[in-house]
Q: 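Shown below is the structure under consideration.
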Protein chains: 2
Amino acid sequence: MKKQHITIHDIARELNISASTVSRALHNHPRISKATREAVQQMALKYNYQPNVMASSLRKGKSRTVGVIVPRINRNFFANVIGGMEEILSSAGYHLIICQTLEKVNHEIFALRALINARVDAIIISISMETKNYEHLRILLDQGIRVLFFDRICEEIKTGSVAIDDRLGAYQSVRHLIDQGYRNIAHVAGADHISIYRARKAGYLEAMHEAGIDVREPWIFEESLVPEGGKTAFEKGMKLQPRPDAYFCAGDFAALGILKAARDQGLKVPADIGVTGFANEPFTEFTEPSLTTVDQRAGEMGRMVADMFLKEVDLSQEKRSLERIVLKPELIVRNSSILNR
Amino acid sequence: MKKQHITIHDIARELNISASTVSRALHNHPRISKATREAVQQMALKYNYQPNVMASSLRKGKSRTVGVIVPRINRNFFANVIGGMEEILSSAGYHLIICQTLEKVNHEIFALRALINARVDAIIISISMETKNYEHLRILLDQGIRVLFFDRICEEIKTGSVAIDDRLGAYQSVRHLIDQGYRNIAHVAGADHISIYRARKAGYLEAMHEAGIDVREPWIFEESLVPEGGKTAFEKGMKLQPRPDAYFCAGDFAALGILKAARDQGLKVPADIGVTGFANEPFTEFTEPSLTTVDQRAGEMGRMVADMFLKEVDLSQEKRSLERIVLKPELIVRNSSILNR
DNA sequence: AAATTATGTACAATCGATTGCACAGAAAAT
DNA sequence: ATTTTCTGTGCAATCGATTGTACATAATTT
């Protein structure tokens with residue numbers, strides 16, 4: 001442990017001037033003479049002076065830190081969003097504090113409190129699946145804390161957000177299946193109380209209605225969106241009359257389960273059964289056959305929320321726009337849904 | 001903007017006592033009477049008092065924050081490590097500041113400086129591929145800053161670390177191929193100046209020598225570890241005499257490229273060609289055939305570095321162990337390498 | 001009863017940077 | 001020659017929590 005951090009006072013003492021002058025010199029305050037300014041900056045360089053962020057944060061009442069709360073850091077989508085945010089915010093001189101809720105409300109509340117204590121300049125959050133009551137979020141606004149949502153939006157709370165148009169993504173996907181000639185299209189849906197899954201179901205229904213296809217009640221399977229859930233849905237589908245000839249899944253993992261289940265049953269994808277997923281997980285490119293899916297533009301989403309924050313960082317709360325950006329998802333057509341008749 | 005943050009002074013004023021008493025009351029200092037302690041704590045609860053972390057950090061000289069530097073947040077492995085760290089550190093009351101270098105040394109230096117300014121209590125880092133000079137890291141130790149490495153270790157710097165035994169992982173993988181009956185085993189290697197790739201190559205060589213198989217020079221292909229690199233290696237291999245009958249790849253993406261290239265050439269995996277990868281990327285489970293690979297125990301690694309930090313957090317630098325934990329990787333045998341003769 | 005110890009609280013300094021205000025001396029305007 | 005305006009710098013307060021020291025008063029011991 002050689003030298004500890006050096007402060008403006010150390011520099012001031014060395015140069016026989018006051019700390020305030022040092023501070024001003026370092027910030028290029030116009031009233032400081034060129035001579036002292038250069039002397040100070042040279043000295044700062046020489047001793048590798050690093051300002052104490054905590055001290056200046058305390059004084060200025062802002063920490064140049066943004067808190068990010070996600071359900072899980074290791075989910076591809078969230079990792080990409082965070083990566084995008086980091087690019088923008090770090091080059092703007094902001095830090096990112098990351099918290100994960102593991103989909104639990106009480107974790108969410110805990111993280112929120114911790115971030116408030118750290119006096120972050122904003123909180124960017126994608127709410128947990130368990131979150132149905134929004135009091136803990138509303139309090140933030142009351143306290144004048146900047147909150148931004150991404151992906152999993154909370155409609156009740158009036159603030160900026162960035163998300164993709166889940167309904168449209170679903171619509172495009174189902175529309176594509178219809179265009180390919182599939183007709184009896186089933187839907188593996190996520191839990192209905194989660195708005196993104198409701199939206200995907202709505203997009204499915206819209207495309208079906210538009211094409212004049214009757215959606216029969218049993219064609220919608222609400223399952224856990226994991227491979228096992230896809231398998232379950234597929235098995236239920238096999239017993240239906242008429243049998244579904246395609247599955248639009250609200251998640252890629254469920255779609256994967258269908259690919260496997262279909263193969264096990266000796267059915268060919270895409271010839272016998274069309275399959276599409278949602279999320280553009282990295283593995284979708286590599287399944288056999290490769291999986292048609294919907295890209296959620298994660299990196300872009302992260303960059304956009306970050307930009308949204310930066311653009312309005314020094315506006316008072318009243319002047320901030322409550323812009324809700326809705327990105328258009330991108331349909332990625334691969335082999336699992338291409339029907340050559 | 002209703003109420004701003006309230007402070008111990010607000011509580012003190014309200015109760016007609018001093019701020020120091022409030023502070024002590026909140027920390028259950030034994031000298032504070034039960035009456036005042038309860039009054040203070042009640043008041044704190046009533047006004048939802050949240051301590052200003054910056055103020056106490058400034059005073060105490062520690063921020064209860066750990067800085068994490070990784071090449072890319074959105075890489076499966078790193079996202080998992082970070083997820084593991086977060087679990088441990090957040091429940092110990094620490095925050096995580098995340099920075100990514102995108103494999104650039106100058107980003108690394110920038111992030112390091114930023115974290116020092118934030119007065120993080122430790123820096124946990126996996127160095128960038130570009131990093132060959134370690135001066136910027138050595139400086140940290142000189143300044144008494146706690147540094148821990150994970151996965152991509154820097155041997156020259158004496159400090160704690162957690163990594164997996166890359167050599168062993170490679171050895172197990174190649175040994176498995178040999179046990180299955182493959183003999184002409186090629187290796188798709190990563191850049192040789194990166195120690196983890198050197199270690200994997202060493203493990204490959206060790207297994208081959210142990211089995212008494214001559215490793216012919218052209219069997220080692222140093223390629224970029226992406227699908228394209230795997231394809232290139234495979235094509236080169238096709239021209240060799242004898243032709244390799246298996247490929248041990250230092251990365252899963254390269255292995256994936258081989259799976260595809262082999263299929264395109266009409267060769268069957270695993271019957272004609274055995275393939276193994278490294279990293280246990282999520283997609284490896286879902287390729288056709290599923291890919292044998294080596295799991296790097298990312299989440300565990302994250303939890304272990306975090307624990308290592310916590311265990312020695314209040315020891316002086318001299319007393320800290322310089323423990324280098326080396327985890328045993330886990331070979332995940334799947335279909336791409338199972339030969340039934 | 002006097003001396004000692006324990007208890008409960010307040011004062012003031014401190015962490016390091018920032019900033020409104022004051023003020024001396026120089027330069028410019030009258 | 002005076003007054004006014006600039007320039008350049010320092011003083012001291014401030015952000016909010018923490019902590020060593022001091023100092024009453026109460027409780028206990030001699």
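Chain letters run A, B, ... following the sequence lines, proteins first, then strands; residues in each count from 1.
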Q: If you count every heavy atom of other residues, nucleotides or ligands that lies below 6.0 Å from A:Gln42 atom CD, does the total exceed 12?
A: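 Result for CD/A:Gln42: open.
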
Q: A quick test of your reading: do over 12 heavy atoms of other residues, nucleotides or ligands sit less than 6.0 Å from CZ of A:Arg324?
A: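 Count over threshold, so yes.
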
Q: Would you mind telling me which of C:dA17, D:dT9, D:dA17 lies closest to the side-chain atoms of B:Tyr49?
A: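 For the B:Tyr49 side chain, the nearest candidate turns out to be D:dA17.
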
Q: What's the CZ-C1' distance between A:Arg119 and D:dG16, to the nearest Å?
A: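 Result: 9 Å.
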
Q: So if I take residues 12-24 of chain A and measure heavy-atom distances to DNA chain C, which residues fall below 4.0 Å?
A: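 Hits under 4.0 Å, by residue number: A:Ser20, A:Ser23, A:Arg24.
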
Q: Name the orientation class of the two ring planes belonging to A:Phe150 and A:Phe77 (parallel below 30°, tilted from 30 to 60°, perpendicular beyond 60°).
A: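 Rings of A:Phe150 and A:Phe77: tilted, as their planes differ by 30° to 60°.
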
Q: Measure the distance from CG on A:Asn52 to P on C:dC15 and round it to the nearest whole Å.
A: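 The distance from CG of A:Asn52 to P of C:dC15 comes to 11 Å, rounded to the nearest Å.
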
Q: Tell me: NZ of A:Lys60 to P of C:dT19, nearest whole Å?
A: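 One finds 6 Å between P of C:dT19 and NZ of A:Lys60, rounded.
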
Q: What's the CG-P distance between A:Asp10 and C:dG16, to the nearest Å?
A: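 That distance rounds to 8 Å.
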
Q: Tell me the interatomic distance from B:Lys62, atom NZ, to C:dC15, atom P, rounded to whole angstroms.
A: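 After rounding, the reported distance stands at 16 Å.
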
Q: Is B:Glu300 salt-bridged to B:Arg303, going by a charged N under 4.0 Å from an acidic O?
A: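 Salt bridge between B:Glu300 and B:Arg303, a charged N being under 4.0 Å from a carboxylate O: no.
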
Q: Could you check whether A:Ser57 gets within reach of a base, just the sugar-phosphate, or nothing at all, counting any heavy atom under 4.0 Å?
A: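 Here A:Ser57 touches no strand at all.
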
Q: Write down the distance between CG (B:Asn28) and P (C:dG8), rounded to a whole number of angstrom.
A: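 B:Asn28 atom CG is separated from C:dG8 atom P by 14 Å.
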
Q: Using only side-chain N and O atoms of B:His9, determine if any of them is under 4.0 Å from OP1 or OP2 of D:dA17.
A: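 Indeed not, no polar side-chain atom of B:His9 lies that close.
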
Q: Given C:dG16, D:dG16, D:dT9, identify the nucleotide with an atom nearest to the side chain of B:Thr7.
A: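 Minimum distance to the B:Thr7 side chain belongs to D:dG16.
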
Q: Rounded to whole angstroms, how far apart are NE2 on A:His29 and C1' on C:dC21?
A: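 Result: 12 Å.
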
Q: If you assign B:Arg31 and B:Val53 each to the DNA chain D nucleotide with the nearest heavy atom, which residue ends up on the more 5' nucleotide?
A: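 It is B:Val53 whose nearest nucleotide is closer to the 5' end.
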
Q: Working to the nearest 0.5 Å, report the span between CD of A:Glu130 and NE2 of A:His193.
A: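 A:Glu130 CD to A:His193 NE2: 8.5 Å, rounded to 0.5 Å.
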
Q: If you assign B:Leu58 and B:Pro30 each to the DNA chain C nucleotide with the nearest heavy atom, which residue ends up on the more 5' nucleotide?
A: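 It is B:Pro30 whose nearest nucleotide is closer to the 5' end.
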
Q: Under 3.5 Å, is there a donor-acceptor pair between the B:Glu86 and A:Asn74 side chains?
A: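 Checked: B:Glu86/A:Asn74 side chains show no N/O donor-acceptor pair below 3.5 Å.
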
Q: Find the distance A:Leu26:CG to D:dT9:P and express it as a whole number of Å.
A: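 So the CG-P distance, A:Leu26 to D:dT9, works out to 14 Å.
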
Q: What's the separation between atom CD in A:Glu323 and atom CE in A:Met304, rounded to the nearest 0.5 Å?
A: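 So the gap between those two atoms works out to 7.5 Å.
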
Q: Determine whether any donor atom in the side chain of A:Arg59 lies under 3.5 Å from an acceptor atom in the base of D:dT14, or the reverse, and answer yes or no.
A: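 Indeed, a donor on one side and an acceptor on the other fall under 3.5 Å apart.
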
